[in-house]
Amino acid sequence: MWSLGIVGLGSALGGMVRYLVGGAIQRLVETTFPLGTLIVNITGSFLIGIILRFSLDTTAITPDVRAFLTIGFCGGYTTFSTFSWETVRLLEDGDYGRASLYLALSFGLSIGATALGIVAAKELLALHRAG
């Protein structure tokens, strides 16, 4: 039950941060393009990349903390279901160009951000082991 509770807490926190970050970005750029969701998905992908690579290669992060951060926080923070809805809405509106751009950016940049997170974690691990 402990693990379920910490995942739930992480998910709640991630969802609140998603609401704040995504909304702030969307208000800042004043566009109908779902940039807030896109940024949340990219940063969430980066976070899960760095957290998992670092935590799986060191004992500095316990399995419970890893579950809190990845399944909980990142799971609550990233918005793939929102991304799916927004893509379908763009398609239903006949906005095929923006839907295609959104799909390409979401997939390409999120995968790239995950890879960048892994590289960053490897650098952190090297510093951790050297220190």
Side-chain angles (χ1 to χ4, degrees):
M1 290 307 287
W2 168 253
S3 294
L4 187 61
I6 61 172
V7 167
L9 177 60
S11 182
L13 291 172
M16 288 186 279
V17 173
R18 175 184 71 213
Y19 174 79
L20 294 172
V21 170
I25 291 168
Q26 209 59 45
R27 284 187 301 279
L28 182 67
V29 296
E30 297 179 2
T31 181
T32 57
F33 186 81
L35 187 62
T37 303
L38 178 63
I39 296 298
V40 164
N41 283 337
I42 293 166
T43 57
S45 296
F46 176 79
L47 285 173
I48 204 162
I50 197 168
I51 293 165
L52 280 175
R53 175 52 51 212
F54 189 83
S55 67
L56 293 172
D57 284 358
T58 182
T59 58
I61 298 176
T62 67
D64 281 341
V65 172
R66 183 177 64 231
F68 169 82
L69 292 172
T70 59
I71 300 167
F73 184 83
C74 288
Y77 177 69
T78 56
T79 55
F80 200 78
S81 59
T82 303
F83 154 78
S84 300
W85 168 259
E86 290 169 342
T87 302
V88 170
R89 291 293 303 136
L90 288 168
L91 292 169
E92 287 179 341
D93 291 344
D95 202 345
Y96 303 111
R98 287 176 58 169
S100 297
L101 177 64
Y102 190 42
L103 282 166
L105 289 172
S106 293
F107 285 117
L109 294 175
S110 294
I111 290 167
T114 301
L116 185 60
I118 290 168
V119 169
K122 287 179 180 179
E123 292 299 318
L124 287 172
L125 285 164
L127 289 173
H128 175 73
R129 290 178 180 135

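Only a predicted model underlies this, so the values are computations on that prediction, with no experimental measurement involved.
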Next on the checklist: Can you list, by chain and residue number, the hydrophobic cluster partners of Met1 when the side-chain cut-off is 4.5 Å?
Outcome noted: Leu4
Next on the checklist: So which atom in Tyr77 and which in Gly44 form the shortest heavy-atom distance, rounded to 0.1 Å?
Outcome noted: CE2-N, 3.5 Å
Next on the checklist: When you measure from the side chain of Thr43 to the backbone of Ile39, do you find a donor-acceptor pair of N or O atoms at a distance under 3.5 Å?
Outcome noted: yes
Item to check | Side-chain heavy atoms of Arg53 within contact of Leu124, under 4.5 Å | outcome: no
Checklist entry - Under the 3.5 angstrom rule, does the side chain of Thr114 hit a backbone N or O of Ser45 as a donor-acceptor pair? => result yes
Next on the checklist: Side chains of Thr82 and Arg18 only: does a donor on one sit below 3.5 Å from an acceptor on the other?
Outcome noted: no
Item to check | Greater than 12 external heavy atoms within 6.0 Å of Phe33's CZ | outcome: yes
Checklist entry - If you round to the nearest 0.5 Å, how far is OG1 of Thr70 from CD1 of Ile50? => result 13.5 Å
Item to check | Spacing of Thr87 atom OG1 and Asp95 atom CG [to the nearest 0.5 Å] | outcome: 11.0 Å
Next on the checklist: Can you tell me how far apart CD (Gln26) and OG1 (Thr32) are? Round to the nearest 0.5 Å.
Outcome noted: 8.0 Å
Checklist entry - What distance separates Ile6 CD1 from Leu69 CG, expressed to the nearest 0.5 Å? => result 9.0 Å
Checklist entry - Cluster question for you: counting only ILVMFWY and a side-chain heavy-atom cut-off of under 4.5 Å, with indirect links fine, are Ile25 and Leu105 together? => result yes
Checklist entry - Transitively linked via ILVMFWY side-chain contacts under 4.5 Å: Phe80 with Val88? => result no
Item to check | Student check: side-chain heavy atoms of Thr78 and Phe83 closer than 4.5 Å | outcome: no
Next on the checklist: I'd like to know whether CD of Glu92 has more than 12 heavy-atom contacts from other residues, nucleotides or ligands below 6.0 angstrom.
Outcome noted: yes
Next on the checklist: Between Glu86 and Leu38, is there a side-chain heavy-atom distance shorter than 4.5 Å?
Outcome noted: no
Checklist outcome for this item: Between the CG atom in Leu90 and the CH2 atom in Trp85, the distance rounded to the nearest 0.5 Å is 11.0 Å
Item to check | Least distance between heavy atoms, Arg66 atom then Leu56 atom | outcome: NH1-CD2, 3.6 Å
Checklist entry - Between Leu116 and Leu109, is there a shared hydrophobic cluster once you connect ILVMFWY residues whose side-chain heavy atoms come closer than 4.5 Å? => result yes
Item to check | Under the side chain to side chain contact (heavy atoms under 4.5 Å, CB included) test, residues paired with Asp93 that sit two or more places apart | outcome: Arg89
Checklist entry - Would a hydrophobic clustering, with Ile, Leu, Val, Met, Phe, Trp and Tyr connected at side-chain separations under 4.5 Å, put Leu125 with Ile51? => result yes
Checklist entry - Is there a side chain to side chain contact (heavy atoms under 4.5 Å, CB included) between Leu91 and Tyr96 once you walk through the steps? => result CA-CA 6 Å; Leu91 292 169; Tyr96 303 111; 3.6 Å; yes
Checklist outcome for this item: Heavy atoms of Cys74 and Ile48 approach each other most closely as SG-N, 3.9 Å
Checklist entry - Same hydrophobic cluster for Phe73 and Phe46, using side-chain heavy-atom links shorter than 4.5 Å among ILVMFWY? => result yes
Checklist entry - At what distance, to the nearest 0.5 angstrom, does CD1 of Ile111 lie from CD1 of Ile42? => result 11.5 Å
